[in-house]
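Since this is a predicted model, take the numbers as computed values, not measurements.
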Amino acid sequence: MAQSHARGFGDTVTDFKSDFSKQNIWRIVVKAFALILAFAVILVAVYFSLYFYRNESEKENLNFLQSIWGDRRFLSDGFEKLKAENKDICGWLKISDTKINNPVLKSEDITYYVNHNARNKKSRLGAVHFANNCTLAKNSISQNICISAENLNDSLMFGDLKKFRDIDFIKTYPEITLYLESGEYKYTVFSVCVADSLSGQDKFDYKDNDLKNYALYKGQAYNRSLFNIPVEINPDSKILTLVTDTFDFDGAKLVVSAKLISGENDITVDSSVISVNKNSVQSRNGNK
């Protein structure tokens, strides 16, 4: 006859405690997860609130400076009022059919406006700024004026510079206008390329009268350009180089190069013959 084993009261209590303990653990886990999730949602909400607030604040700053600048017929009057806000405002950059209509700032420390705005306040967005020690005087403008700014999704700063990657855009709006205290200067784009800032080979910062760096600049500007643009440069050409981050690969920079066409040597560019450069030289990691 099989022997039966009756469970005592103590066994029942032990089982109850075990079940109760397991239920408590699961409750604690669920509550902890919910708390972590709620905290993460709050952090995301705070981040986007601050992002929106900062962007709106920067837009207000830019709108304020644009209201001062207006459609100035008299540059001296415009710059006088702008310099009352910040003495480092030395230029104004405008590109048609984009939101690029910004003051350009110049500091002895060329990195200062990477994290300060046009009203001289700390800002993660920075400002549109001269990125090399260029000369801006009327009779001695640097052969290569380099201007840099952040690339932002909402088209603040140089977010709209990416439009030059569209062949239809560049055919329609090939010109860039730079206003300086010495006058109004028009440039026409001759190269649009993606450079690798982590490579020592990709350099677009040649200095005046440096023929070796000029040759390197010219070679890369044409060979790497996404488009064939019928604008020729020479060692005497005055060039405007616009630079911003792009996200093709780590360290990628979008470089738009333009030649000065205003003044005694005004030229007309037939933009209808601009074509895609199928032989564009690629970067070291295989991206154009």
Side-chain angles (χ1 to χ4, degrees), residues 55 62 93-102 104 114 125-132 144-178 185-199 201-206 216-233 237 239-261 269-288:
N55 279 17
L62 180 56
L93 186 70
K94 184 174 177 58
I95 302 176
S96 297
D97 199 40
T98 73
K99 292 184 180 179
I100 299 174
N101 183 26
N102 298 66
V104 190
V114 170
L125 305 180
V128 178
H129 60 282
F130 292 100
N132 60 351
N144 181 27
I145 294 176
C146 185
I147 297 177
S148 178
E150 291 287 330
N151 175 5
L152 303 171
N153 290 332
D154 51 9
S155 297
L156 279 173
M157 306 307 164
F158 270 3
D160 267 359
L161 201 63
K162 62 182 177 291
K163 286 190 173 186
F164 280 110
R165 299 183 74 162
D166 180 347
I167 192 168
D168 291 327
F169 178 84
I170 199 169
K171 282 183 175 182
T172 308
Y173 304 103
E175 292 187 2
I176 299 170
T177 304
L178 177 63
Y185 300 89
K186 288 192 177 294
Y187 295 80
T188 190
V189 174
F190 66 85
S191 171
V192 179
C193 67
V194 176
D196 184 353
S197 66
L198 302 181
S199 168
Q201 300 300 313
D202 287 5
K203 293 184 178 181
F204 291 86
D205 58 350
Y206 87 89
L216 178 63
Y217 179 105
K218 179 178 180 178
Q220 296 203 83
Y222 286 115
N223 294 336
R224 289 186 180 274
S225 181
L226 302 178
F227 309 108
N228 296 308
I229 305 172
V231 176
E232 183 65 26
I233 61 171
S237 298
I239 292 171
L240 177 66
T241 305
L242 306 183
V243 182
T244 192
D245 292 318
T246 188
F247 308 105
D248 296 47
F249 53 88
D250 187 27
K253 297 283 185 181
L254 178 62
V255 181
V256 177
S257 302
K259 177 182 178 179
L260 182 66
I261 57 172
V269 179
D270 182 4
S271 59
S272 66
V273 300
I274 294 174
S275 62
V276 174
N277 182 7
K278 296 180 180 179
N279 298 315
S280 175
V281 177
Q282 296 184 340
S283 71
R284 65 187 176 116
N285 38 12
N287 295 283
K288 289 186 178 182

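Using a 4.5 Å heavy-atom threshold, the side chains of Leu242 and Thr244 count as separate. With a 4.5 Å cut-off on side-chain heavy atoms, Thr246 and Val194 count as touching. Between Asn277 and Leu226 there is no side-chain heavy-atom pair separated by less than 4.5 Å. Considering only heavy atoms from C-beta on, Asn132 stays 4.5 Å or farther from Thr241 through its side chain. Considering only heavy atoms from C-beta on, Ser148 comes within 4.5 Å of His129 through its side chain. A heavy-atom distance below 4.5 Å is found between the side chains of Glu232 and Lys218. Side chains of Asn102 and Phe158 form no contact here, defined as non-hydrogen atoms less than 4.5 Å apart. Residues Asn101 and Lys99 fail the side-chain proximity criterion, which asks for heavy atoms closer than 4.5 Å.
Between the side chain of Thr177 and the main chain of Lys186, no donor-acceptor pair closer than 3.5 Å is present. Listed for the Ser225 side chain is a donor-acceptor partner under 3.5 Å among the backbone atoms of Val192. When atom types are taken as modelled, the side chain of Lys163 and the backbone of Asp97 share a donor-acceptor pair closer than 3.5 angstrom. A donor-acceptor pair is defined here as one N or O able to donate and one able to accept, closer than 3.5 Å; no such pair exists between the side chain of Asn223 and the backbone of Val281. Listed for the Asn151 side chain is a donor-acceptor partner under 3.5 Å among the backbone atoms of Asp245.
Looking at Val189, Ile274, Thr188, Ile261 one by one, the single match for side chain to side chain contact (heavy atoms under 4.5 Å, CB included) with Val231 turns out to be Thr188.
Note that CD1 of Ile167 and OG of Ser275 are 6.0 Å apart. Values are rounded to the nearest 0.5 Å. Taken from OH in Tyr187 to CG in Leu93, the straight-line distance is 10.0 Å, to the nearest 0.5 Å. Once rounded to the nearest 0.5 Å, the distance linking CD1 of Ile100 with CD1 of Ile176 reads 8.0 Å. The distance from atom CG of Leu254 to atom CZ of Phe164, rounded to the nearest 0.5 Å, is 9.5 Å. Taking OG of Ser257 as the reference point, atom CZ of Arg224 lies at 12.5 Å (rounded to 0.5 Å). Ser237 contributes atom OG, which lies 9.0 Å from atom CG of Leu260 (distance to the nearest 0.5 angstrom).
Across all non-hydrogen atoms, the minimal contact from Ser191 to Ile229 is N-CD1, 3.9 Å. Annotation for Met157 and Ala149: closest pair CB-CB, 4.0 Å, computed over non-hydrogen atoms.
Between the side chains of Tyr173 and Thr98, no donor-acceptor pair of N or O atoms lies under 3.5 Å.
Ring pair Tyr222/Phe190 is tilted by interplanar angle, where 30° to 60° counts as tilted.
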